[in-house]
Amino acid sequence: MSALQKLKEKYIWISYFSSAFELLQWDMETHMPKKGGKWRAQIIGSLSEFIQIQQTSDEMGKLLNEAEKEAESEEDKALVRVAKKEYEKFKKIPPELWGKFALETAKAQRIWEDAKRNSDFSIFAPQLEKVVELVKELSEKVGYEENRYDALLDFFEPGLTVKDLDKIIPKLRKFLIGVLEKIERADKPKDVFLGKFDIQKQKELSKRVLEIIGYDFDAGRIDVSAHPFTITISHGDVRVTTRYDERDLKYSFFSTVHEGGHALYEQGIPERFRGLPIGDGASMGVHESQSRFWENIVARSKHFWEFFKPILAEYFEDFKDVPVDDLWRSSNIVERSLIRTESDEVTYNLHIMLRYEIEKALVNDEMSVKDIPSVWNDKMKEYIGVTPKSDSEGALQDVHWAHGSFGYFPSYMMGNLYAAQLLYSMKKDLSFEENIRSGDFKALLDWLREKIHIHGKIFEPKDLMKRATGEDFSTEYFMNYIKEKYSEVYRINL
Ligand code: ZN
């Protein structure tokens with residue numbers, strides 16, 4: 001057997017353990033009784049360590065080097081390139097450092113929960129300081145060219161650098177703050193999705209909308225969890241979760257479509273890539289572009305509501321008399337809000353910029369942990385125009401820092417930007433609006449499959465976007481999208 005073949009078999013074998021890991025994780029978030037948590041955390045920790053050891057074994061290193069000489073097809077070359085990059089990166093991190101990182105972030109999560117409950121950042125600060133130190137150490141071990149933060153970005157968005165972000169952000173921020181000011185002077189639409197909505201019916205509606213956008217229920221399922229997520233157990237088993245709020249129909253509806261977008265991506269990655277390092281999405285940002293595409297660009301469009309209103313009325317008949325315009329405008333209410341996960345398309349990226357600037361400063365020793373709340377509040381005031389009254393609705397709202405996931409936030413922004421660029425490119429090939437109005441979501445999905453999904457992780461995001469759209473990445477598309485859409489929603493001139 002060739003080294004390349006052996007390498008593939010080894011990766012597939014390791015992925016069996018990853019699948020078990022994911023399934024346990026899924027169960028923990030959806031069905032596990034509370035008292036099962038302690039033992040489960042041990043299993044998950046051990047499995048994760050086992051997988052890590054397998055992936056970074058010397059045998060893997062040898063196989064990778066031999067396979068590199070044998071790889072001929074583009075696919076095999078990409079497989080070895082992606083695998084080798086990961087292998088070398090993780091090899092540079094000493095196991096003790098990984099262990100310490102896992103331990104301190106697990107602790108940090110518990111302390112963060114406590115701090116958030118008490119709305120007191122000072123409870124979290126000492127542990128977060130430890131996490132930041134470890135994150136800095138990790139970046140140093142992994143290495144970077146210009147900025148320590150680049151090493152972290154590369155975990156989530158390969159190829160993206162501080163230089164790129166610092167070029168994108170100032171212009172985008174100015175634009176968004178301007179849009180926000182103009183929208184504020186316009187009439188605010190009333191929210192027709194508030195009221196009382198039977199949970200069982202919401203569940204049926206969630207299933208229906210997933211089916212409509214092309215989610216394969218023979219290869220997945222939907223359940224309830226505290227925080228919605230998508231998880232891939234195997235090629236034929238990609239699951240999503242959501243959360244229901246009896247008083248607000250928007251929440252479950254759009255979060256279901258969002259996770260559906262992630263799941264469509266996963267279901268569209270070719271089966272022959274599965275278990276291999278190229279069998280994932282291209283990056284967190286590209287993944288987010290898919291979820292945002294379906295959630296914001298499709299499901300929050302006017303044409304979508306033209307199509308979907310009669311279906312919605314099958315579940316909640318009061319909507320029969322609600323004009324399409326009201327459904328559409330209610331889906332796109334812009335507000336100066338404190339919480340990132342509840343924010344709209346206009347303010348969302350501003351929330352991300354604030355976090356990015358704080359992370360970058362922390363990692364580069366330009367700011368200390370104890371100053372986070374005051375910097376946070378100042379930036380909130382400056383960018384979004386509101387000031388948190390407490391740490392729990394300010395600097396303690398996200399779990400990412402407790403997880404040690406520094407460098408993750410920019411992926412959310414990149415996802416929004418990629419999604420808009422994909423839209424304009426798709427519009428050249430399809431009758432986008434007509435497709436949506438007539439419920440032909442397959443046309444959209446087929447396009448995304450061909451341009452994005454079938455490539456798995458073969459290309460880095462910049463390269464993938466260029467191949468998909470024929471152009472270099474640009475933020476202009478997102479700004480145009482916001483201008484066009486919100487001029488119409490708010491009946492103003494942006
Ligand atoms: Zn997402």
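For this chain, numbers begin at 1 and follow the sequence in order. Values in this document were obtained by computation on a predicted structure and should not be read as measured data.
A salt bridge between E434 and R437 is present, with a side-chain N of the basic residue lying under 4.0 Å from a carboxylate O of the acidic one. With respect to the salt-bridge test (charged N to carboxylate O, under 4.0 angstrom), the residues R148 and E140 qualify. The residues R81 and E86 are annotated as not salt-bridged, no charged nitrogen and carboxylate oxygen being separated by less than 4.0 angstrom. Between R300 and E345, none of the side-chain N atoms (NZ, or NE/NH1/NH2) sits under 4.0 Å from a carboxylate O, so this pair counts as no salt bridge. Under the 4.0 Å criterion applied to side-chain N and carboxylate O atoms, D164 and K462 are assigned as salt-bridge partners. Taking a cutoff of 4.0 Å between a charged side-chain nitrogen and a carboxylate oxygen, R272 and E75 qualify as a salt bridge. A salt bridge links E476 with K171: the distance from a Lys NZ or Arg NE/NH1/NH2 to an Asp or Glu carboxylate oxygen falls below 4.0 Å. Taking the charged nitrogens against the carboxylate oxygens, K85 and E460 do have a contact shorter than 4.0 Å, which makes a salt bridge. Ion pairing between R491 and D187 fails under the 4.0 Å rule for side-chain N and carboxylate O. Salt bridge status for D223 with R221: present, with a side-chain N to carboxylate O gap under 4.0 Å.
Put simply, the side chain of T230 gets close to the backbone of E259: a donor and an acceptor are under 3.5 Å apart. S405 places no side-chain N or O within donor-acceptor distance of the main-chain N or O of W401, the cut-off being under 3.5 Å. For the pair S283 (side chain) and V286 (backbone), a donor-acceptor distance under 3.5 Å is present. N332 contributes no side-chain N or O that, together with a main-chain N or O of Y486, makes up a donor-acceptor pair within less than 3.5 Å. Of the possible polar contacts, none joining the R292 side chain to the G415 backbone as a donor-acceptor pair under 3.5 Å is found. Checking side-chain atoms of N435 against main-chain N and O of L430 turns up no donor-acceptor pair under 3.5 Å.
Atom OG1 of T475 and atom NZ of K167 lie 10.0 Å apart (nearest 0.5 Å). Note that the OG1 atom of T347 and the CD1 atom of I183 stand 9.0 Å from one another [nearest 0.5 Å].
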Could you walk me through whether Y412 and F156 pass ring pair (Phe, Tyr, Trp, His ring centres under 6.0 Å), step by step?
CA-CA 10 Å; Y412 292 118; F156 306 102; 9.7 Å; no
The test is salt bridge (Lys or Arg N to Asp or Glu O under 4.0 Å); show your working for D245 and K250 and say whether it passes.
CA-CA 9 Å; D245 181 341; K250 279 191 308 305; over 6 Å; no
Working note: W305 + F193, criterion ring pair (Phe, Tyr, Trp, His ring centres under 6.0 Å); need CA distance, chi angles, decisive distance, verdict.
CA-CA 13 Å; W305 287 107; F193 293 110; 5.5 Å; yes
Run the salt bridge (Lys or Arg N to Asp or Glu O under 4.0 Å) test on K77 and E68 for me, step by step, so that the C-alpha distance in whole Å, both residues' side-chain angles and the decisive distance to 0.1 Å come before the verdict.
CA-CA 7 Å; K77 282 184 191 160; E68 193 172 27; over 6 Å; no
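Between G407 and L152, the shortest heavy-atom contact is CA-CB, 4.3 Å. The minimum heavy-atom distance linking T256 with S206 is given by the pair OG1-OG, 3.3 Å. Taking both residues in full, the closest heavy atoms of F253 and L205 are given as CD1-CD2, 3.9 Å, listed atom of the first, atom of the second, then distance. Among all heavy-atom pairs drawn from V257 and A299, the shortest one is CG1-CB, 4.0 Å. When all heavy atoms are compared, the tightest approach of T242 to S255 is OG1-OG, 2.8 Å. In this structure, V131 and G404 approach most closely via the heavy-atom pair CG1-CA, 3.8 Å.
Using modelled atom types and a 3.5 Å distance limit, the side chains of T232 and E266 yield a donor-acceptor pair. Inspection of the S234 and S19 side chains reveals no N or O donor paired with an N or O acceptor under 3.5 Å. In summary, the side chains of S343 and S337 do not present any donor paired with an acceptor at a separation below 3.5 Å, with no hydrogens or angles considered. Between Q267 and H453, the side chains place no donor N or O within less than 3.5 Å of an acceptor N or O (distance only, hydrogens not considered). Counted by atom type alone, H403 and T105 present zero donor-acceptor pairs between their side chains at under 3.5 Å. Side-chain polar atoms of E306 and W328 form no donor-acceptor pair below 3.5 angstrom. Between the side chains of E288 and S411, no donor-acceptor pair of N or O atoms lies under 3.5 Å. At a cut-off of 3.5 Å, with distance as the only test, no side-chain donor of S425 or T469 sits close to an acceptor on the other residue. Checking N147 against N364 by side-chain atom types alone, a donor-acceptor pair falls below 3.5 Å. Side chain to side chain, R340 and H351 fail the donor-acceptor criterion of an N or O pair below 3.5 Å.
Atom OH of Y16 is surrounded by 12 or fewer heavy atoms from other residues, nucleotides or ligands within 6.0 Å. Residue-environment remark: NZ (K141) stays at or below the threshold of 12 foreign heavy atoms within 6.0 Å. Annotation for E366: atom CD counts as buried by contact number, over 12 foreign heavy atoms lying within 6.0 Å.
Here the options are Y356, F409, Y144, F155, the test is ring pair (Phe, Tyr, Trp, His ring centres under 6.0 Å), and the partner is Y149; only Y356 passes.
A cation-pi arrangement is found for K427 relative to Y424, the charged atom lying closer than 6.0 Å to the ring centre and inside a 45° cone about the ring normal. Y251 carries R243 over the face of its six-membered ring, with the cationic atom under 6.0 Å from the centre and within 45° of the normal.
Listed by first then second residue, pairs satisfying ring pair (Phe, Tyr, Trp, His ring centres under 6.0 Å) with a partner in residues 203-238 read Y215-F217, not counting sequence neighbours. Pairs engaging residues 162-184 under the ring pair (Phe, Tyr, Trp, His ring centres under 6.0 Å) rule: none recorded [sequence neighbours left out].
Take K163 and apply the salt bridge (Lys or Arg N to Asp or Glu O under 4.0 Å) test, not counting sequence neighbours, and it matches E146. Partners of S431 according to the side chain to side chain donor-acceptor pair (under 3.5 Å) rule, which considers only residues two or more places apart in sequence or in another chain, do not exist here. R329 pairs by the side chain to side chain donor-acceptor pair (under 3.5 Å) definition with nothing, not counting sequence neighbours.
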Show every donor-acceptor pair shorter than 3.5 Å between a side-chain atom in residues 2-13 and any protein atom, with sequence neighbours excluded, or say none if there are none.
from	atom 1	to	atom 2	distance (Å)
S2	OG	Q5	N	3.1
K8	NZ	D76	OD1	2.9
K10	NZ	E59	OE1	3.1

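Counting only heavy atoms from C-beta outward, the side chains of Q290 and L448 approach each other to under 4.5 Å. Side chains of Y408 and L153 form no contact here, defined as non-hydrogen atoms less than 4.5 Å apart.
Between F473 and Y418, the angle of the ring planes goes over 60°, which puts this pair in the perpendicular group of the 30/60° scheme.
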